[in-house]
A.B. asks: 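There's a structure below that I have some questions on.
Keep in mind that this is a model prediction, so the values were computed, not measured. Both ligands and their constituent atoms are indexed starting at 1 by order of listing.
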Amino acid sequence: MVNTASIRTNESGTLLAMIEERLAEVRRVIRDTAVDAGRDPDAIRIVAVTKTHPRTTIDACRRAGMCVFGENRVQEAIAKFSDIAAEVELHLVGHLQSNKARLVPGLCTHVDSIDSLDLAATLSKRCVMANVECRVLMQFNSSGEKTKSGYATEKSLLDDAPRVAALPGLKLRGVMTIGPFTPDAARIRDAFRRTRILFDDLKTVLPSETIDTLSMGMSDDYQLAVEEGATEVRLGTALFGLRGSADTGPQGEVRS
Ligand SMILES: *Cc1c(COP(=O)(O)O)cnc(C)c1O
C-alpha cells in the first residue's frame with residue numbers, strides 16, 4: 001500500500017530538502033558511532049527502505065544521491081521500481097515466498113531474507129534461467145519472535161550455508177537479522193552480538209567465499225547495530241518519517 005499521507009508536502013523541492021537533511025543526520029550518527037566503536041565509518045552502508053512510500057519519495061531519494069533501496073514485498077517493488085530497476089540496487093528485505101521467486105530476476109539485485117534451502121534453490125533456478133546473479137543474505141531470527149522469519153538457530157543456518165553458497169545464480173554474501181521488537185537495549189544488543197558471532201562463524205565455514213555483509217539495524221536500533229559490527233543498516237522511518245497506520249512493520253508485528 002502506498003501511503004501518500006506520509007508525504008507532508010507535494011512540493012518536491014521540500015521533500016528533497018527533508019530527505020537530504022535526514023540523510024545527513026543519519027550519516028553523522030553512523031560516523032560518530034562507528035568512530036567511537038573503533039570502526040571505519042565507510043564500512044557501513046545505508047539501505048533506504050521505501051516500503052509504503054510513493055515513487056515521488058524514491059525519486060527524491062535518488063536526487064539526494066542514494067542508489068541502494070529496500071522493499072519488503074515483491075509486488076510493491078514491481079509497481080514502484082520496474083522502470084528504474086536497472087539503475088539502482090534493490091534489496092528485497094521481507095520474506096519471499098517461493099512462488100514469487102520468479103519475479104525477482106531483473107527487479108531485485110539482492111535478496112536479504114533467504115530462510116530455507118528450498119527458497120534458495122528455487123531462486124537459484126530462476127536466476128539461472130534469467131542469466132543473472134543475485135546477491136543473497138541468510139536471515140537469522142535472532143529475536144526468536146514467531147512473527148519473524150529466518151533460521152531459528154545458528155546451527156541450522158550454518159548447516160545450509162555451504163549448499164546455498166554452491167547454488168548457481170546466487171552469491172551468498174552474509175547474514176541479515178531484525179532485532180527484537182523491544183525498548184530493552186540490552187536484549188537488542190545481545191541479539192546483534194549473537195548475529196555478529198554467527199557472521200564470523202559463516203566466514204570460517206566458507207573461507208573461499210566473499211562473506212562481507214552483516215545487515216542489521218533499523219531506524220530505532222541502528223546505533224546499537226553499528227556498535228556491534230553491522231556493515232549495512234536498513235532505514236525507513238529515519239529517512240522518510242512514519243509510515244502511518246496501514247503499516248504492519250517488518251514481517252508482521254504491528255509497529256506504533
Ligand atoms: C520496514 C523494514 C525496515 C525499516 O524499518 P524502519 O524502522 O522504518 O527503519 C528494515 N528492515 C526490514 C526487514 C523492514 O521490513
A.B. asks: Please could you name the atoms of ligand 1 that Arg234 approaches to less than 4.0 Å, counting only its heavy atoms?
C.D. replies: 4 (C), 9 (O), 10 (C), 11 (N), 12 (C), 13 (C)
A.B. asks: For Ser219, counting its heavy atoms only, list the atoms of ligand 1 lying under 4.0 Å from any of them.
C.D. replies: 6 (P), 7 (O), 8 (O), 9 (O)
A.B. asks: For atom CG of Asp40, is the number of surrounding heavy atoms from other residues, nucleotides or ligands below 6.0 Å larger than 12?
C.D. replies: yes
A.B. asks: Which one holds for Leu235 and ligand 1: side chain close, backbone close, both close, or neither close, with close meaning a heavy atom under 4.0 Å?
C.D. replies: backbone
A.B. asks: Any nitrogen or oxygen of Thr237, side chain or backbone, less than 3.5 Å from one on ligand 1?
C.D. replies: yes
A.B. asks: Check Arg63 with Asp59, please: is the shortest side-chain N to carboxylate O separation under 4.0 Å?
C.D. replies: no
A.B. asks: Would you give the length of the straight line joining atom CG of Asp201 to atom CG of Leu206, rounded to the nearest 0.5 angstrom?
C.D. replies: 11.0 Å
A.B. asks: Should Ala238 be counted as touching ligand 1, given the test is an N or O pair under 3.5 Å?
C.D. replies: no
A.B. asks: If the cut-off is 4.0 Å to any non-hydrogen atom of Gly236, which atoms of ligand 1 fall inside it?
C.D. replies: 4 (C), 6 (P), 8 (O), 9 (O)
A.B. asks: If you count the atoms of ligand 1 from 1 in the order shown, which ones are under 4.0 Å from a heavy atom of Val93?
C.D. replies: 12 (C), 13 (C)
A.B. asks: Could you tell me whether Glu232 and Arg173 have a side-chain N and a carboxylate O separated by less than 4.0 Å?
C.D. replies: no
A.B. asks: Please identify which atoms of ligand 1 are closer than 4.0 Å to at least one heavy atom of Lys51.
C.D. replies: 1 (C), 2 (C), 3 (C), 14 (C), 15 (O)
A.B. asks: Just by distance, do the side chain of Ser124 and the backbone of Leu170 share a donor-acceptor pair under 3.5 Å?
C.D. replies: no
A.B. asks: Given Thr50, which partner from the list Asn72, Ile58, Leu90 fulfils the side chain to side chain contact (heavy atoms under 4.5 Å, CB included) test?
C.D. replies: Ile58
A.B. asks: Does the distance from a Lys or Arg side-chain N to an Asp or Glu carboxylate O, for Glu154 and Arg194, drop under 4.0 Å?
C.D. replies: yes
A.B. asks: Quick one: does ligand 1 sit under 4.0 Å from the side chain of Ile178, the backbone, both or neither, non-hydrogen atoms only?
C.D. replies: side chain
